[in-house]
Protein chains: 4
Amino acid sequence: MTTSPAAVPAPGRARGRPRSELARRAVLAAATELLLTRGLGAVSMDAVAARAGVSKATIYRWWPTKETLALDALYSQLSEPTPEPPDTGGLRGDLTELLTGWIERVSGRPFGRVLGALIAEAATDPVFGALYRERYVEPRRAQARLLFRRAIARGEIAAGTDVEAAVDLVYGPLYHRLLHGHAPLTQEFAATVVDVVVAGLGGI
Amino acid sequence: MTTSPAAVPAPGRARGRPRSELARRAVLAAATELLLTRGLGAVSMDAVAARAGVSKATIYRWWPTKETLALDALYSQLSEPTPEPPDTGGLRGDLTELLTGWIERVSGRPFGRVLGALIAEAATDPVFGALYRERYVEPRRAQARLLFRRAIARGEIAAGTDVEAAVDLVYGPLYHRLLHGHAPLTQEFAATVVDVVVAGLGGI
Amino acid sequence: MTTSPAAVPAPGRARGRPRSELARRAVLAAATELLLTRGLGAVSMDAVAARAGVSKATIYRWWPTKETLALDALYSQLSEPTPEPPDTGGLRGDLTELLTGWIERVSGRPFGRVLGALIAEAATDPVFGALYRERYVEPRRAQARLLFRRAIARGEIAAGTDVEAAVDLVYGPLYHRLLHGHAPLTQEFAATVVDVVVAGLGGI
Amino acid sequence: MTTSPAAVPAPGRARGRPRSELARRAVLAAATELLLTRGLGAVSMDAVAARAGVSKATIYRWWPTKETLALDALYSQLSEPTPEPPDTGGLRGDLTELLTGWIERVSGRPFGRVLGALIAEAATDPVFGALYRERYVEPRRAQARLLFRRAIARGEIAAGTDVEAAVDLVYGPLYHRLLHGHAPLTQEFAATVVDVVVAGLGGI
DNA sequence: GTGTAATCGAGACGGTACGTCGAGTCTTGTG
DNA sequence: CACAAGACTCGACGTACCGTCTCGATTACAC
């Protein structure tokens, strides 16, 4: 897994005093705790600094905003060991596997509101938005894209399929429920989404 | 225009000095301007009060939080005169009409980030979330639900269709692009979504 | 005694919520305590706010800098009820009385270093310097000037005497010892100063 | 020029790497520039280090506080080539010569506020105060003392004259104007001071 | 030569205080 | 009552220095 450049010291020539790995971990731990127990709103630089036993300057040295910090904290929590794209031999099975895993990780409750807050920030601040998409969104989309491409290669769905739209068609409804909360984000729902989309794309 | 209950004085016997309609309009105008030009973050009670020439107490008397105020301000801007649910005779046409209208209204640029911020707030604050869903989400879902029910009645799609999931399948991908911004929210994309979903549901 | 405009609300038409006299007193008391027990350096806005149970914003509303605040605090402590200029019938007696009183008040120990710090600030910051001279220096000089003018009127000293220089000649040596601390600031020293200056001006 | 012990490496057997004369000069130059252009407040260890291209640790190795550094910097600037005590044959002439020289050096404008700040620090911090008096005040007082002693020897003034007080009587008024700035520190003022003090001491 | 020792730069670290801003609340006088 | 004005507490913001520390790299004397 690729971690943020901010979270890791440059591997090259270390000149001055090296970065304290202890401090880095303490900050991430404190941020994670605040994030998951009390939400993004509770992740203030002051609170994190106090809880981590670290000075605010140290945090600002490595994370420009609290959103960036929260993103890193979330990463250090949410990152799966080996997020291998599944291969069940069929598009329906592949997608089901992929979405099932995502829902499982994301349903550890506090993630809903945390992701919501991060997406909001991404929608508001273009810089953070780019970072968020690069580090969080794109890797997941890449996996999904792969599944659809394999299905095209197998002849399961049409060669002209708009893969980007297809990805949105499966992830969009899930995010919709996660963020809006108007209905539960269940595995059954994921199954329905997969069924409709696969059928709609001409799959079996 | 549908206004919030908060924005309207109790209809009963007014006892003291009546509410100033002037102040109400000034507040909404100021909030709207800040919201659309500089985002939700710029909608501070202080800024709105100063810009509207109104005291903060007056704002707090009628809107409990700045998010509520922003929602009202957005409403006063985004509310369509007669959002009649379309009837083209077929599901595909109905959905296309519905989504086309939504994309048009929502593409007036600043709405993306404003909606993002509101959804984030809704994901974070349950009280506001309920209000947001009731006033903003539910009306739109109701229209979409209606279209699918008509299609079922016409025999266009299966009687057992999960209408709630179907609604999420068409709105989800659109919100996904609006909020994440990883790809443009075009009418062509909406057409693709409609095509896949209608086909997936067994429609023609 | 004339107090600072900042320390007292305008007596005119009070529009909004009136200033809290309680807060004002608490701030001055806290500042005074810090000033006299631990010096000007300990008078930080944070410390005063914490000790007074008052928010920093409230302090900043009324005192632009901590030096201004310290000056006010010192005033509320050092201000004599009726600092009548003495009249013993002769210049020597008048001056002795005046300086004796000043030394007494100023020898309550911490004042030396506090005045030193304030004078330094006055020498550094022109705005504060003007305020300091107007509120602290000028009243004392006015009294001294009066004594010399009376002595001229009585024919005790020459009519052409440079009164400003004369004032510096009596106060200068005292401040010198107070600030530099190279020798004790005693009443005997004051007597010597008075003797030399009166004799030097042609007095008896 | 007398430099501080801190500013010079121990003359004993140097064991490790010798002190960098380059660094020492760069630090003093940077401190001087900051001191004279922007005041004592601008002499921060960080700023000096950055401006001198030197690490903070190097500064701390040789100067315990920024005030000590400022004092050294001032010294390297203010030190007169040959501060010979004058001898004109009479007390009045000697004092005039002495004070005239001091005023000239000190009137190079920024010195007023710099001295003010240093005196304040001396009044606040006893350790620095002792250093300041030893290195800056005492040498000048010694010269003045000498003049008065010579005048006593010549029979110009009484044998019982309090020399310490006499020194304060001439330097006090000058410092007073320098620090308070309520009136200009001119050569005419110095002449008046000398006249009054010499006359007051029974001199001709 | 080869230690041994003190220097140097760079720069991260825990702190403290800065001055500002926004949130909600409260207290006046006026309409 | 509603309203404007505006003072109040609280808490967070991002920055600036403080004085200390840990590095790797020099640069001398002493063996």
Side-chain angles (χ1 to χ4, degrees), chain A residues 9 13-20 22-24 41-49 52-62 64-66, chain B residues 9 14-20 22-23 41-50 52-62 64-66, chain C residues 9 13-20 22-24 41-50 53-62 64-66, chain D residues 9-10 13-20 22-23 41-50 52-62 64-66:
Chain A
R13 291 286 96 235
R15 283 272 286 173
R17 173 175 175 174
R19 173 170 188 188
S20 161
L22 210 75
R24 189 187 138 264
V43 182
S44 75
M45 293 305 215
D46 280 297
V48 172
V54 142
S55 86
K56 275 201 292 175
T58 296
I59 306 184
Y60 279 107
R61 228 189 304 276
W62 302 107
T65 66
K66 63 174 190 161
Chain B
R15 284 265 295 166
R17 171 174 173 176
R19 172 170 190 191
S20 157
L22 211 72
V43 182
S44 74
M45 292 305 215
D46 283 291
V48 172
V54 144
S55 87
K56 277 204 291 175
T58 298
I59 306 184
Y60 278 106
R61 229 188 304 273
W62 302 107
T65 66
K66 65 171 189 161
Chain C
R13 291 287 96 234
R15 284 274 287 175
R17 174 175 175 175
R19 172 171 189 188
S20 160
L22 210 74
R24 190 188 136 262
V43 182
S44 75
M45 293 305 217
D46 281 293
V48 171
V54 143
S55 87
K56 275 200 293 176
T58 297
I59 305 185
Y60 278 107
R61 225 190 305 275
W62 302 107
T65 65
K66 64 174 189 160
Chain D
R13 290 286 94 236
R15 280 271 294 169
R17 172 175 176 176
R19 172 170 190 189
S20 159
L22 210 73
V43 182
S44 76
M45 292 306 215
D46 283 288
V48 172
V54 143
S55 87
K56 277 203 292 175
T58 298
I59 306 185
Y60 277 107
R61 228 188 305 273
W62 303 108
T65 66
K66 66 171 188 161

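The chains referred to below are lettered A, B, ... by the order of the sequence lines, with proteins before strands, and numbering in each begins at 1. Remember, predicted model here, so these are calculated numbers, not experimental data.
- Between the OG atom of A:Ser55 and the OH atom of A:Tyr60 there is a distance of 11.0 Å, given to the nearest 0.5 Å.
- Scored by the salt bridge (Lys or Arg N to Asp or Glu O under 4.0 Å) test, B:Lys56 finds B:Asp46 as partners (sequence neighbours excluded).
- Taking side-chain N and O atoms only, C:Trp62 has a distance below 4.0 Å to OP1 or OP2 of F:dC8.
- Within the 4.0 angstrom heavy-atom criterion, base atoms lie near D:Ser55.
- Taking CZ from D:Arg19 and OG1 from D:Thr58, the interatomic distance works out to 9.0 Å, rounded to the nearest 0.5 Å.
- Among all heavy-atom pairs drawn from C:Ala47 and C:Ala42, the shortest one is CB-O, 4.0 Å.
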Strictly under 3.5 Å: I want the nitrogen or oxygen pairs between protein and nucleotides 20-22 of chain F, one per line.
unit_1, atom_1, unit_2, atom_2, d
F:dC21, O2, A:Arg17, NH1, 3.1

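- Atom CZ of C:Arg19 is separated from atom P of F:dT9 by 11 Å (rounded to the nearest Å).
- Direction of the helix axis in the helix from E:dG1-F:dC31 to E:dG31-F:dC1 shifts by 10° between the two five-pair termini, rounded to 10°.
- With DNA chain F read from its 5' end, the first of the two nearest nucleotides for A:Met45 and C:Arg61 is the one closest to C:Arg61.
- The only member of A:Arg24, A:Lys66, A:Met45 that meets side chain to side chain contact (heavy atoms under 4.5 Å, CB included) when paired with A:Ile59 is A:Met45.
- Nucleic acid contact class of C:Thr58 (heavy atoms, under 4.0 Å, all strands): base.
- The nearest pair of heavy atoms linking A:Ser20 to A:Ala23 is OG-N, 2.9 Å.
- For the pair A:Asp46 CG and E:dC21 C1', the interatomic distance rounds to 14 Å; values are reported in whole Å.
- Checked by distance alone, B:Ser44 brings no side-chain donor or acceptor within 3.5 Å of a matching partner on the base of E:dG22.
- Residues C:Ala23 and A:Ala47 both approach DNA chain F. Their nearest nucleotides, taken by heavy-atom distance, put C:Ala23 toward the 5′ side.
- When each of A:Val54 and C:Lys66 is assigned the nucleotide of DNA chain E with its nearest heavy atom, A:Val54 is the one assigned upstream, toward the 5' end.
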